[in-house]
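This one's a predicted model, so the numbers in the text were calculated from it and none came from an experiment. Chain A is the first sequence line, chain B the second, and so forth, proteins listed ahead of strands; every chain is numbered from 1.
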2 protein chains.
Amino acid sequence: MPLAEMHASMANPSFMNGVPELLILRTLSTGEMYGYELVQAIRARTNQAIKVGEGVVYPALHALESDGMLRSRRKLVNGRTRVYYAVTRKGEKHLAGLVRHWQHITDAIGLAIGGTAHAATAL
Amino acid sequence: MPLAEMHASMANPSFMNGVPELLILRTLSTGEMYGYELVQAIRARTNQAIKVGEGVVYPALHALESDGMLRSRRKLVNGRTRVYYAVTRKGEKHLAGLVRHWQHITDAIGLAIGGTAHAATAL
DNA sequence: CCATATACCTCTTGCGACAAGGTATGCATG
DNA sequence: CATGCATACCTTGTCGCAAGAGGTATATGG
């Protein structure tokens, strides 16, 4: 292979990505929370159907904060430190976009799944 | 790094994967189709919202066939060869499971997104 | 003769998501 | 007081899906 042009290419934003991010932002939009709590809150909000582990939540929290979507403050509770995260205005806007996108995608898939059932009396 | 135990671990079945597979099976369940046609059919069935490229479709088709979910037959049309794929009984069962799973997941997410809006006057 | 559409396919890469592991504190129990 | 469990934070390494880019070949139209 010509290793001449080994520099760039493109991203791979599979149309199904970013769901954990969506759930995190949406859950935090109901009120300030800390990571450990968030993990359980998401589990609860989805009827135990979806478990976003700590290995997903913490990195996402940091990334979202450095992107200005979240704001954090440290709080000492019972001698233990908790880092509370709150959604910023920018985060709210971003969340709205994610929700719209999610709905668009799932509508489309729902349509493909249910829509125009198979021909005639089936085959 | 300790390269001592580089043998196994576990899969990474992110709860959001397998959507292309679902769309492929579902679309084929409306009737026999060939790869090139499938790509466009999925695009059409989702109102142009979702485009599953050939780089996704063909490998998936081969994998599904070798898993017994699809059956293929070659057909010569206008001097060009087409490989038509049809869903097997096993494929239908699998599809049904995928659809159930998809609905379960999206219901859960829909619930998390819409359910229990944010507290009081917000914060 | 060349471009375009059809039709098949593979290779490599990129990123998201994950499990597993690592630190540290408070609290209960024996 | 030691052991264990729950809380709370975090990072590292791995894996697999999905995607893009490329590669072959034939028919058709200019």
Within less than 4.0 Å of OP1 or OP2 of D:dT11, is there a side-chain N or O belonging to A:H62?
->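 Yes.
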
Phosphate-side-chain proximity, B:Y34 and C:dA7, N/O vs OP1/OP2 below 4.0 Å =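 Answer yes for this pair, as a side-chain N or O of B:Y34 is under 4.0 Å from OP1 or OP2.
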
Whole angstrom is fine here: how far is it from [atom1] in [X] over to [atom2] in [N]?
X: A:K51; N: C:dC18; atom1: NZ; atom2: C1'; value: 14 Å
X: A:Y36; N: C:dT25; atom1: OH; atom2: P; value: 17 Å
X: B:L22; N: D:dA18; atom1: CG; atom2: C1'; value: 15 Å
X: A:E21; N: C:dC18; atom1: CD; atom2: P; value: 13 Å
X: A:M33; N: D:dC9; atom1: CE; atom2: P; value: 12 Å
X: A:F15; N: D:dG20; atom1: CZ; atom2: P; value: 11 Å
X: B:L76; N: D:dA25; atom1: CG; atom2: C1'; value: 13 Å
X: A:R74; N: D:dT7; atom1: CZ; atom2: P; value: 20 Å

With sugar-phosphate meaning primed atoms plus P, OP1 and OP2, does A:G53 contact a base, only sugar-phosphate, or nothing at under 4.0 Å between heavy atoms?
->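 Nothing, no heavy atom under 4.0 Å.
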
Check whether more than 12 heavy atoms from other residues, nucleotides or ligands sit under 6.0 Å from atom NE2 of B:H104, and answer yes or no.
->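 Check fails, neighbour count at 12 or below.
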
Relative to the 5' end of DNA chain C, which residue comes earlier, A:P59 or B:P59, by the nucleotide with the nearest heavy atom?
->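 Nearest-nucleotide comparison on DNA chain C picks B:P59.
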
Which nucleotide, C:dC18, D:dA8, D:dC17, lies nearest any side-chain atom of A:Y58?
->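 Looking only at heavy atoms from C-beta outward on A:Y58, the closest nucleotide is D:dA8.
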
Consider the side chain of A:E54, meaning its heavy atoms from C-beta on, and name the nucleotide among D:dT11, D:dA18, D:dC10 that approaches it most closely.
->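 Selected nucleotide (nearest to the side chain): D:dC10.
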
Salt-bridge contact B:R82-B:E37 (side-chain N to carboxylate O under 4.0 Å) |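 Salt bridge absent between B:R82 and B:E37.
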
For the residue pair B:I50 and B:R43, establish whether any side-chain heavy-atom pair is separated by less than 4.5 Å.
->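 B:I50 does not reach B:R43 side chain to side chain.
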
List in numerical order all residues of residues 77-85 of chain A for which some heavy atom is under 4.0 Å away from an atom belonging to DNA chain C.
->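 The answer is A:N78, A:G79, A:R80.
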
5'-most contact on DNA chain D: B:V56 or A:V56, nearest heavy atom basis?
->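 With B:V56 and A:V56 compared, the 5'-side residue is A:V56.
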
